[in-house]
Amino acid sequence: MDAATGREELGGGGGPVNLDAVMQQVAEHKGCGTQGGSGKASCGSGAGQGDLPTDIWEKVKNHPCYSEEAHHHYARMHVAVAPACNIQCNYCNRKYDCANESRPGVVSEKLTPEQAAKKVLAVASTIPQMTVLGIAGPGDPLANPEKTFKTFELIAKSAPDIKLCLSTNGLALPDHVDTIAGFNVDHVTITINMVDPEIGAKIYPWVYWKHKRYTGVEAAKLLTDRQLQGLEMLTERGILCKVNSVMIPGVNDQHLVEVNKAVKSRGAFLHNIMPLISAPEHGTVFGLTGQRGPSAQELKALQDSCEGEMNMMRHCRQCRADAVGLLGEDRSAEFTTDKIMEMEVNYDLESRKAYQEMVEKERQDKVAAKQEELETLAGIASDIKLLVAVATKGSGLINEHFGHAKEFQVYELSTSGAKFVGHRRVDLYCQGGYGDEDSLETVIRAINDCHAVFVAKIGGCPKNDLLTAGIDPVDQFAHEFIEKSAITWFKTYLEKVNTGEIEHYERGDAEIRQGALIAAQ
Ligand SMILES: C[S@@+](CC[C@H](N)C(=O)[O-])C[C@H]1O[C@@H](n2cnc3c(N)ncnc32)[C@H](O)[C@@H]1O
Ligand code: SF4
Ligand code: SF4
């Protein structure tokens, strides 16, 4: 329970959950026909459904990757049962034994399907809001079909409430669509970086298909044909498809608008344009040739330009192939094979359901609070749009200390409300003593296009440095809902602009308006 707000915090942070206490709270809440804290939510209604048809909403409502709103509340896990790959991408090097690094293709240990099934039960009993099991490597799930489908078979039997997902490069997809449908996998991700083989030849040095290695444009043509065919086959069967595209500046960045149109016309549900991660020490072709990734601002501009066409995913954390927990947190170290083997696993469907009912109640309160606050913006005319950063560890709350934040979530504020537009990973600032200053500079650089940063708490020194950089450190909404608080703050901001108390200015990509807020105080 948070002392300041009296609100029970679910979901975020580590540690096992006391399921007996949860059952007790759910029993108290059951049959509530009463209204939630905001006076608007009612039991059982789906928070955040918006315009989605009910059958789609049922599939995405507790999937942290397919619903941005759900990612504050529900967790996912990956099991690393698929080591081999049937193609090579110039940005990928599947390196093992790299526990501290969070990027795709990295895992600490590979698992057999049996170990994976045990791990899923262990995580499901410890993290009751873990609703999704994905296989995303470290290689390609469909280049390892026996291990992938054996894992699904075991989990479908032992943990039937968990949604199954897989993430593939698509080369082998058309051969496995029926099996995928047979296991009730209703979420599939395909990585599609191009629909033009000339561009593909710059990304893929080879593909291996039917015992033959293809290179150059021929390889890329084969790959794009199979990817698009696989996508059509899945969507025809009603399977929800997300398309991942890696944005590689100067190679496929402009072209991704065309990819967006191609996948939309074939029924993809969601497009996830992700930044290239590239560093020489990763040992990839792009890392070694100095190919850069996009800036956060370049990524946002591309996502914005595609958004009119279809749903864009902006909250992807480019997880490890053995990630566990809420997006943005990594609890994989708690579930190593050694630890799992010693764990007493108590997978209890009823307790999981009860916990998730609590989560749903919290979501409804959050959505209702946002809606209520939004209505108060209605009378204010302004075309100002600005970004704010938020430190959170989950549950849709401002509940992270500035110094502990490993990432900031970024919201765009306008008179239409608060819209999540991305996140910024930063070096951990609070390392104590030596090195703090450099890290603070990193944080400021990461959020320098934001007008304010919302935190649960912040020390005096970083507060002053942020003010000097023109970023308002806001700690007055500690443990309150993010969107509601952001709208409240924005309303005050607009009022001050309208009365001439402060002057609004655009924060450019590189611009840090020194002292702007100090001057305004
Ligand atoms: C590791 S892959 C595993 C699944 C499958 N092999 C695939 O490529 O779709 C998961 C996702 O990470 C992406 N990925 C891998 N390395 C990356 C990098 N260096 N930068 C950005 N995305 C990367 C892939 O493109 C893919 O979308
Ligand atoms: S398809 Fe996936 S696993 Fe294979 S090389 Fe590309 S990113 Fe790596
Ligand atoms: S890599 Fe992106 S889509 Fe996959 S589990 Fe992580 S957040 Fe979800």
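First listed ligand is number 1; within each ligand, the first listed atom is number 1.
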Exercise for review: May I ask you to list the atoms of ligand 1 that are less than 4.0 angstrom from any heavy atom of N244?
Suggested key: 27 (O)
**Study point:** Atoms of ligand 1 close to T191 [distance to a heavy atom under 4.0 angstrom, numbered from 1]
**Key:** 7 (C), 8 (O), 9 (O), 25 (O), 26 (C), 27 (O)
Exercise for review: Would you please indicate yes or no on a ring centroid separation below 6.0 angstrom for Y74 and H63?
Suggested key: no
Practice item. State the atoms of ligand 3, each with its element, that fall below the 4.0 Å cut-off from a heavy-atom position in K242. Key: 3 (S)
**Study point:** NZ/NE/NH1/NH2 to OD/OE distance under 4.0 Å, R425 and E407
**Key:** no
Study note, to complete from the structure: Closest to atom 4 (Fe) of ligand 2 among protein heavy atoms sits C85 SG, 2.3 Å
Check your understanding: Using a heavy-atom cut-off of under 4.0 Å, does the side chain or the backbone of T189 touch ligand 1, or both, or neither?
Key -> neither
Review point. At a 4.0 Å threshold, what atoms of ligand 2 neighbour a non-hydrogen atom of P138?
Key: 3 (S)
Review point. Counting backbone and side chain alike, does C92 bring an N/O/S atom below 2.8 Å of atom 6 (Fe) of ligand 2?
Key: no
**Study point:** Pair E307 + R314: basic N to acidic O under 4.0 Å
**Key:** yes
Exercise for review: Salt-bridge test for K370 and D365: reply yes if a basic N is under 4.0 Å from a carboxylate O, no otherwise.
Suggested key: no
Exercise for review: May I ask you to say whether K353 pairs ionically with D348, meaning some side-chain N is under 4.0 Å from a carboxylate O?
Suggested key: no
**Study point:** Short N-O contact, K484 and E480, less than 4.0 angstrom
**Key:** no
**Study point:** Any G137 heavy atom less than 4.0 Å to ligand 2
**Key:** no
Review point. Does any N, O or S atom of C319, backbone or side chain, fall under 2.8 Å from atom 2 (Fe) of ligand 3?
Key: no
Point to revise | Y214 and Y204 aromatic centres sub-6.0 Å | key: no
Revision key, fill the gap. If we number the atoms of ligand 3 from 1 as shown, the ones under 4.0 Å from a heavy atom of L327 are 7 (S)
Review point. Does K221 pair with E218 as a salt bridge, N-O distance under 4.0 Å?
Key: no
Check your understanding: Could a heavy atom of S278 be found less than 4.0 Å from some atom of ligand 1?
Key -> no
Check your understanding: How does M274 reach ligand 3, by side chain, by backbone, by both or by neither, if only non-hydrogen atoms under 4.0 Å count?
Key -> neither
Check your understanding: How close does the nearest protein non-hydrogen atom get to atom 2 (Fe) of ligand 3, and which residue and atom is it?
Key -> C316 SG, 2.4 Å
Check your understanding: Atoms of ligand 3 less than 4.0 Å from R317 heavy atoms?
Key -> 2 (Fe), 7 (S)
Practice item. Could you establish whether A136 and ligand 1 come within less than 4.0 Å of each other, counting only heavy atoms on the residue side? Key: yes
Point to revise | contact_flag H71 ligand 3 heavy-atom lt 4.0 Å | key: no
**Study point:** Any C85 heavy atom less than 4.0 Å to ligand 1
**Key:** no
Exercise for review: Measure T191 to ligand 2 on non-hydrogen atoms and call it side chain, backbone, both or neither using the 4.0 Å cut-off.
Suggested key: neither
Revision key, fill the gap. A student checking ligand 1 against Q318 at a 4.0 Å heavy-atom cut-off should list atoms 21 (C), 22 (N)
Check your understanding: Are the ring centres of H71 and F420 closer than 6.0 Å?
Key -> yes
Exercise for review: May I ask you to list the atoms of ligand 2 that are less than 4.0 angstrom from any heavy atom of I87?
Suggested key: 1 (S), 4 (Fe), 5 (S)
Check your understanding: Tell me, do L387 and Y411 make a side-chain contact under 4.5 Å, heavy atoms counted?
Key -> no
**Study point:** Whether P275 lies under 4.0 Å from ligand 1, heavy atom
**Key:** yes
Study note, to complete from the structure: closest protein heavy atom to atom 8 (Fe) of ligand 3 is C65 SG, 2.2 Å
Practice item. Describe, in one word, how the ring planes of F408 and F402 are oriented to each other, choosing from parallel (under 30°), tilted (30 to 60°) and perpendicular (over 60°). Key: tilted
Review point. Donor-acceptor pair, N193 side chain versus M247 backbone, under 3.5 Å?
Key: no
**Study point:** Option nearest atom 18 (C) of ligand 1 (shortest heavy-atom distance, choices I192, I277, T284)
**Key:** I277
**Study point:** E360 with R363: basic N within carboxylate O range, under 4.0 Å
**Key:** yes
Point to revise | Heavy-atom side-chain proximity of E412 to K300 below 4.5 angstrom | key: yes
Exercise for review: Identify, by atom number and element, the atoms of ligand 2 in contact range of Y91, meaning under 4.0 Å from any of its heavy atoms.
Suggested key: 7 (S)
Exercise for review: Answer yes or no: is there an ion pair linking K366 with E69, defined by an N-O contact shorter than 4.0 Å?
Suggested key: yes
Practice item. Tell me which part of C89 gets within contact of ligand 2: side chain, backbone, both or neither, using heavy atoms under 4.0 Å. Key: both
Check your understanding: For G139, is at least one N or O under 3.5 Å away from an N or O on ligand 1?
Key -> yes
